[in-house]
Asker: 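Here you go, one structure.
The analysis underlying the following values was restricted to heavy atoms, covering all of them including side chains, and did not include hydrogens, waters or symmetry mates. Per chain, numbering begins at 1; letters A, B, ... match sequence-line order.
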Number of protein chains: 2
Amino acid sequence: MDDDRIADIVGQWGRERPDLDPTPLLIIGRIQQLAAVLDVALRPPFAAADLGNGDFDVLAALRREGEPYTLTAGQLSQRMLVTTGAVTKRVDRLIARGLVSRSVSAADARGRVVGLTSTGVALTDRLIEEHLANEAAILRGLTDSDRRTLERLLAAMNRTLASGDFEPEGGGHDG
Amino acid sequence: MDDDRIADIVGQWGRERPDLDPTPLLIIGRIQQLAAVLDVALRPPFAAADLGNGDFDVLAALRREGEPYTLTAGQLSQRMLVTTGAVTKRVDRLIARGLVSRSVSAADARGRVVGLTSTGVALTDRLIEEHLANEAAILRGLTDSDRRTLERLLAAMNRTLASGDFEPEGGGHDG
DNA sequence: GCGAATTGTCTTCCACGGAAGACAACTTAT
DNA sequence: ATAAGTTGTCTTCCGTGGAAGACAATTCGC
């Protein structure tokens with residue numbers, strides 16, 4: 001099989017543009033490919049429950065928050081890194097399924113409090129087990145030491161990106 | 001700042017479901033988050049050229065293939081890991097921009113050969129430089145040794161996923 | 001208290017990609 | 001040569017999420 005698509009790509013660039021260094025793709029390209037493949041690999045339990053991966057994000061965010069399993073739309077938007085518009089639609093779908101409820105906040109009548117129904121808690125508790133088991137299976141090929149190393153390096157990349165001070169092309173965000 | 005969203009999530013799960021091991025998220029969750037953040041961080045050069053990230057994928061695939069910078073729709077579909085329908089649409093957009101052309105294959109009249117125009121080559125050559133510079137900047141926080149380690153571990157994960165023999169939940173693909 | 005600015009959510013419109021089927025062209029067996 | 005099956009691409013329909021604006025409720029200054 002074409003067992004390393006990214007290495008091939010790097011090879012092609014090396015031939016066509018020897019003036020450039022394509023090796024960053026060995027990391028960044030692989031991360032992007034991994035994310036795409038992971039989405040597919042981890043989908044089955046959610047698909048079986050007729051849920052989009054994004055919809056499960058809502059359930060998981062509420063469930064891990066602990067009792068009473070509630071968050072406002074804005075809080076969900078922050079935790080899931082999607083816009084509030086996407087939150088509205090995800091919640092709409094889940095309400096249609098009877099997995100969450102939406103009510104007006106007591107503290108601020110603009111706010112909508114989204115909460116897991118008991119059905120929602122039960123489904124989420126079941127799905128998260130399968131989900132984590134699948135994730136564990138995917139990591140089976142790595143030793144404990146490899147895992148710790150990988151965690152550290154990925155966290156380091158996340159920090160670099162979060163700090164935002166990497167953009168070489170003009171985009172100086174001020175400061 | 002909430003400098004480690006994933007660590008927080010793992011902490012929440014550990015509190016709510018102490019019977020489960022949420023640590024796979026430290027790797028898999030971070031990869032997914034990184035991919036999302038990378039897409040945003042790497043978009044500016046493409047956005048400036050009025051290109052979607054996916055559209056640049058087409059240009060890059062053709063360019064790194066070398067002269068005469070041509071691939072069929074099917075080949076593009078394989079290299080970009082998207083359906084042929086997506087290829088059709090990406091190519092349509094790029095044709096409208098004058099960056100690629102589409103013609104009937106001489107060898108097989110069903111096949112469509114997509115090729116870079118000279119404008120397309122020029123734009124791609126410019127964008128790939130910016131793009132790789134941005135990727136290099138993102139990796140600036142890692143030592144050479146860290147990079148090699150990260151490449152190795154990501155490649156290992158890719159292999160596990162590609163081989164497909166990880167799915168614990170029933171999904172035995174036969175064999 | 002009242003009006004202006006702000007905040008939180010929802011709505012509308014749009015872009016993108018997947019799935020499944022349509023269609024044309026190729027291959028093979030006879 | 002012809003019919004049946006296969007292959008390569010495009011088309012249609014749908015689902016999902018972003019961006020920008022609408023709207024209601026809150027806060028702040030006076």
Asker: Nearest 0.5 Å please: distance from the OG1 atom of Thr160(B) over to the CG atom of Leu139(A).
Answerer: 8.5 Å
Asker: Take atom NZ of Lys89(B) and atom P of dC16(C), then tell me their distance rounded to the nearest Å.
Answerer: 10 Å
Asker: I'd like to know if Arg102(B) and Asp92(B) make a salt bridge, using a cut-off of under 4.0 Å between side-chain N and carboxylate O.
Answerer: yes
Asker: Is a salt bridge present between Asp50(A) and Arg93(A), judged by a nitrogen-to-oxygen distance below 4.0 Å?
Answerer: no
Asker: How close do Thr124(B) and Gly120(B) get, heavy atom to heavy atom, and via which atoms?
Answerer: OG1-O, 2.6 Å
Asker: To the nearest Å, how far apart are Leu81(B) CG and dG18(C) C1'?
Answerer: 14 Å
Asker: Are Glu151(B) and Arg147(B) within salt-bridge range, i.e. N to O under 4.0 Å?
Answerer: no
Asker: Under 4.0 Å between any heavy atoms, over every strand shown, what does Thr72(B) touch: base, sugar-phosphate, or nothing? Just pick one.
Answerer: sugar-phosphate
Asker: Between which nucleotides of DNA chain D, read 5' to 3', does contact with chain A run, using atoms under 4.0 Å from its heavy atoms?
Answerer: dT16(D) to dT26(D)
Asker: I need the CG-P distance between Asp55(B) and dG17(C), as an integer number of Å.
Answerer: 7 Å
Asker: Can you tell me the distance, in whole Å, between the CG atom of Asp50(B) and the P atom of dC16(C)?
Answerer: 10 Å
Asker: Within the 4.0 Å heavy-atom criterion, would you say Gly85(A) contacts the bases, only the backbone, or no part of the nucleic acid?
Answerer: base
Asker: In whole angstrom, what separates Asp92(B)'s CG from dA15(C)'s P?
Answerer: 14 Å
Asker: Hey, which of these two, Arg93(A) or Arg112(A), hits DNA chain D nearer its 5' end, going by closest nucleotide?
Answerer: Arg93(A)
Asker: Could you give the CZ-to-P distance, from Phe56(B) to dC16(C), as a whole number of Å?
Answerer: 16 Å
Asker: In this structure, which one of Ile31(A), Ile28(A), Leu34(A) forms a side chain to side chain contact (heavy atoms under 4.5 Å, CB included) with Leu34(B)?
Answerer: Ile31(A)
Asker: Using whole Å, what does the distance between atom P of nucleotide dA15(C) and atom CZ of Arg90(B) come to?
Answerer: 16 Å
